[in-house]
Amino acid sequence: MCTESYRGGLKLIKMLIKPGDLLSRIDTPDELRKLSQDQLVRLSQELRQYIIDSVSVYGGHFGASLGVVELTVALHYVFNTPSDQLIWDVGHQAYGHKILTGRRDVFHTNRMYNGISGFPKRKESPYDAFGVGHSSTSISAALGMAAASRYNNDTSRQHIAVIGDGALTGGMAFEAMNHAGVSDTNLLIILNDNCMSIDPNVGALKDYLTDITTSQTYNKLKDEVWKALGKISKFGSSAQEIIAKIDGSLKSFFLKQSNLFESLNLRYFGPIDGHDVNHLVSVLEDLKNINGPKILHCVTVKGKGYGPAEKDQTKWHAPGKFDKLTGEIRKKVYESPQPPKYQDVFGHTLVELAKGNPKIMGITPAMPSGSSLNIMMKEMPDRAFDVGIAEQHAVTFSAGLATQGQIPFCNIYSTFMQRAYDQVIHDVCIQNLHVVFCLDRAGYAGADGPTHHGAYDLAYMRCIPNIVVSAPMNESELRNLMFTAQLPREGAFCIRYPRGQGVLPNWKTPMEEIAVGTGRVIQEGEDVAILTIGHIGNYVVEACQQLEKEGIRPAHYDMRFVKPLDEKLLHNIFKNFNKIITVEDGCIMGGFGSAILEFMADNGYTASVKRIGIPDEVIEHGEQIELHKETNMDPQSIADAVIQMLEPQKLKDQDFF
Ligand SMILES: Cc1ncc(C[n+]2csc(CCOP(=O)(O)OP(=O)(O)O)c2C)c(N)n1
């Protein structure tokens with residue numbers, strides 16, 4: 001059954017997704033807390049089903065939320081949210097949390113333009129204690145909140161960070177635990193260990209967590225300690241002292257040497273079954289009464305309760321819409337061959353180049369599938385590295401490789417590269433090392449929203465010395481830029497490209513060198529010159545086709561490089577045009593258009609320049625084209641901008657006649 005509604009001018013077709021009886025009664029966690037504990041298993045089933053029903057119809061992240069259904073129910077049942085503060089790391093697993101905290105009836109707008117966000121967001125709900133999207137922030141944020149509570153003598157308030165084993169590979173999580181271990185705060189870290197990042201989790205920490213989960217000796221000892229704690233907690237206030245005593249002697253004596261978290265002064269509990277909601281409730285009740293920083297290790301299954309998602313966890317991380325009965329993921333069917341995704345052009349081209357150049361290596365921080373580096377990892381496992389969710393390490397590791405004459409292609413989403421800015425400057429550029437950065441998802445990311453938009457890279461890269469900053473307008477240019485970047489040179493080379501498809505179904509063009517710092521003419525024209533960087537140049541091609549019908553023919557230049565700029569071409573342009581429009585899928589401030597203004601000022605030219613790009617505000621989520629429209633970056637708006645620029649001249653011409 002469908003209903004229609006309007007939100008922000010957008011028609012929403014709402015398939016009625018019916019919650020189960022218990023779930024339909026829960027609009028806030030207060031109502032959840034009124035349930036008896038024996039109703040929680042059923043509530044968990046209903047919540048899981050609601051997530052399956054909704055995501056199958058509307059799309060979004062999937063496996064991670066299914067894996068924390070019981071944890072979500074137990075946490076809101078035991079803790080007094082939102083006064084107790086619950087912080088989800090990354091936040092892609094918080095769908096159950098959203099549904100239980102007053103957003104069930106708008107959940108069909110999840111990730112849609114003008115709808116609710118796919119991630120926790122402070123301005124969306126008081127239950128979203130911290131805005132997230134990037135990983136490994138939860139412990140720091142929770143610790144900050146806990147320190148503030150302590151300072152304000154609020155000793156009863158709880159602060160809970162839920163972090164996955166993937167997110168725990170991020171350095172920030174360790175920085176926070178290092179600090180937490182010497183803090184006297186009410187901090188509870190829940191380690192949601194499902195052995196998965198988006199792809200299988202990697203690294204020694206993963207092996208350590210597996211060891212701890214499977215070691216029989218360790219678990220027997222832990223069970224005994226746990227039982228002791230459980231018995232004692234029934235004795236009321238004096239229990240704290242006894243627990244402290246037991247903790248201080250028996251537990252720490254036996255566990256400290258063998259447990260990483262205990263060594264950091266975090267009391268470690270677990271591992272426990274993260275799908276046993278009743279056990280979770282009793283353990284969390286106990287932990288609530290133990291002061292100080294502590295960690296509870298829960299073992300869960302990503303995709304729990306939906307067979308296909310349990311089986312292929314990477315595919316079902318964010319599968320898009322699917323048939324919930326057959327598990328078939330719905331794919332658009334096209335009549336003609338489609339252009340490839342840029343990420344796949346990167347993945348295949350890198351292997352092609354690496355076959356001819358033994359120095360090339362590939363690096364990704366935890367995005368093998370997302371970046372398509374998995375193609376190289378499969379074909380050349382000794383030359384491609386998934387280093388975990390560790391962007392800073394990925395960059396400096398690449399710098400290390402480069403000092404030894406290797407040519408690292410370090411692929412990082414534009415938004416996540418923000419994490420590794422100092423490493424780009426300090427470890428790569430100051431040392432003038434030949435590292436190639438491939439920044440995927442540059443420009444609007446779409447439904448993931450502002451935490452994921454690759455808005456800033458042109459601005460933050462172009463101000464660093466010893467780096468080339470480039471962006472291809474199509475697949476062929478991406479290949480040529482990658483080819484150029486691996487040729488012998490000094491210094492770094494950055495290539496940024498967007499999420500999604502390019503424009504050339506026959507993309508496997510022969511590769512050739514592009515002279516660094518040269519642009520190209522897409523069309524000669526009159527009155528207005530449009531200068532573009534990257535894929536968004538294709539919007540300008542569309543805009544020009546539209547304008548052609550009205551007898552307007554602007555010139556269009558694909559500049560290809562923001563640094564170094566094609567100064568010869570620019571001199572030519574500024575000598576011939578006094579109306580210039582720059583177009584970039586990046587922030588207006590400090591980006592490509594700013595570089596053109598700087599060139600104009602430095603060379604004493606005057607022209608009216610209109611810059612089109614991402615404005616200086618937080619742009620929310622939506623389809624890429626919706627966001628381009630909202631910010632006047634779509635083909636129609638670009639055509640309108642040209643007409644507007646010509647308007648005074650048109651008027652003048654009319655006056656004349
Ligand atoms: C800094 C950063 N890098 C990469 C990502 C992309 N990313 C989103 S979820 C995810 C995996 C997280 O794994 P985990 O924390 O174990 O959670 P799970 O999905 O397994 O529940 C990654 C790599 C991100 N969100 N933030």
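Read the numbers this way: they start at 1 and go in the same order the structure lists the ligands and their atoms. Just so you know, these numbers use all the heavy atoms, side chains as well, and skip hydrogens, waters and symmetry mates.
Nearest protein heavy-atom contact of atom 7 (N) of ligand 1 is I198 CD1, 3.7 Å. At the shortest separation from atom 4 (C) of ligand 1 among protein heavy atoms lies F416 CE1, 3.4 Å. M196 O, 2.8 Å is the protein heavy atom nearest to atom 20 (O) of ligand 1. Nearest protein heavy-atom neighbour of atom 26 (N) of ligand 1: S135 N, 2.9 Å. Nearest protein heavy-atom neighbour of atom 15 (O) of ligand 1: A167 N, 2.8 Å. Atom 25 (N) of ligand 1 has G133 O, 2.9 Å as its closest protein atom, hydrogens excluded (heavy atom only).
Every atom of ligand 1 with a heavy atom of G166 under 4.0 Å away is listed here by number and element: 13 (O), 14 (P), 15 (O), 16 (O). Here is the list of ligand 1 atoms found below 4.0 Å of a heavy atom in G164: 14 (P), 15 (O), 16 (O). Atoms of ligand 1 lying under 4.0 Å from any heavy atom of R419, numbered from 1 in the order shown and given with element: 1 (C). Which parts of ligand 1 touch E391 is read off a 4.0 Å heavy-atom cut-off, strictly below it: atoms 1 (C), 2 (C), 3 (N), 4 (C). Ligand 1 places these atoms under 4.0 Å from at least one heavy atom of H134: 25 (N), 26 (N). Applying the 4.0 Å criterion to heavy atoms of A64 picks out, from ligand 1, the atoms 19 (O), 21 (O).
Checked against a 3.5 angstrom limit, the closest N/O atoms of I389 and ligand 1 fall outside it. Checked by distance only, ligand 1 and N194 come closer than 3.5 Å through their nitrogen or oxygen atoms. Residue H92 has at least one nitrogen or oxygen atom sitting less than 3.5 Å from a nitrogen or oxygen atom of ligand 1, judged on distance alone.
For G370, the closest heavy-atom approach to ligand 1 does not fall below 4.0 Å. In this structure, S197 counts as a contact residue of ligand 1, since one of its heavy atoms falls inside 4.0 Å of the ligand.
Summarising the geometry of H453 relative to A445, their closest heavy-atom pair is ND1-N, 3.0 Å, with the distance given to 0.1 Å. Among all heavy-atom pairs drawn from I363 and P408, the shortest one is CD1-CB, 3.5 Å. Of all the heavy atoms in L439 and A442, the pair that sits closest is O-CB, 4.1 Å.
Nearest to atom 19 (O) of ligand 1 by heavy atom, out of K302, M367, K206, H61, is K302.
The distance from the CG atom of L280 to the OH atom of Y77 is 13.0 Å, given to the nearest 0.5 Å.
Partner of Y413 under the side chain to side chain contact (heavy atoms under 4.5 Å, CB included) criterion, chosen from D440, D448, D457: D440. Checked against H535 for a ring pair (Phe, Tyr, Trp, His ring centres under 6.0 Å), the options Y444, Y342, Y497 give a single hit: Y342.
Ion pairing between E620 and K121 holds under the 4.0 Å rule for side-chain N and carboxylate O. Salt bridge E70/K304: absent, no basic N to carboxylate O contact under 4.0 Å. Salt-bridge formation is not detected for the pair K123/D128: no Lys NZ or Arg NE/NH1/NH2 atom is positioned less than 4.0 Å from an Asp or Glu carboxylate oxygen.
Heavy atoms of other residues, nucleotides or ligands lying less than 6.0 angstrom from NZ of K288 number more than 12. Taking a 6.0 Å sphere around CE of M589, one finds it holds 12 or fewer heavy atoms contributed by other residues, nucleotides or ligands.
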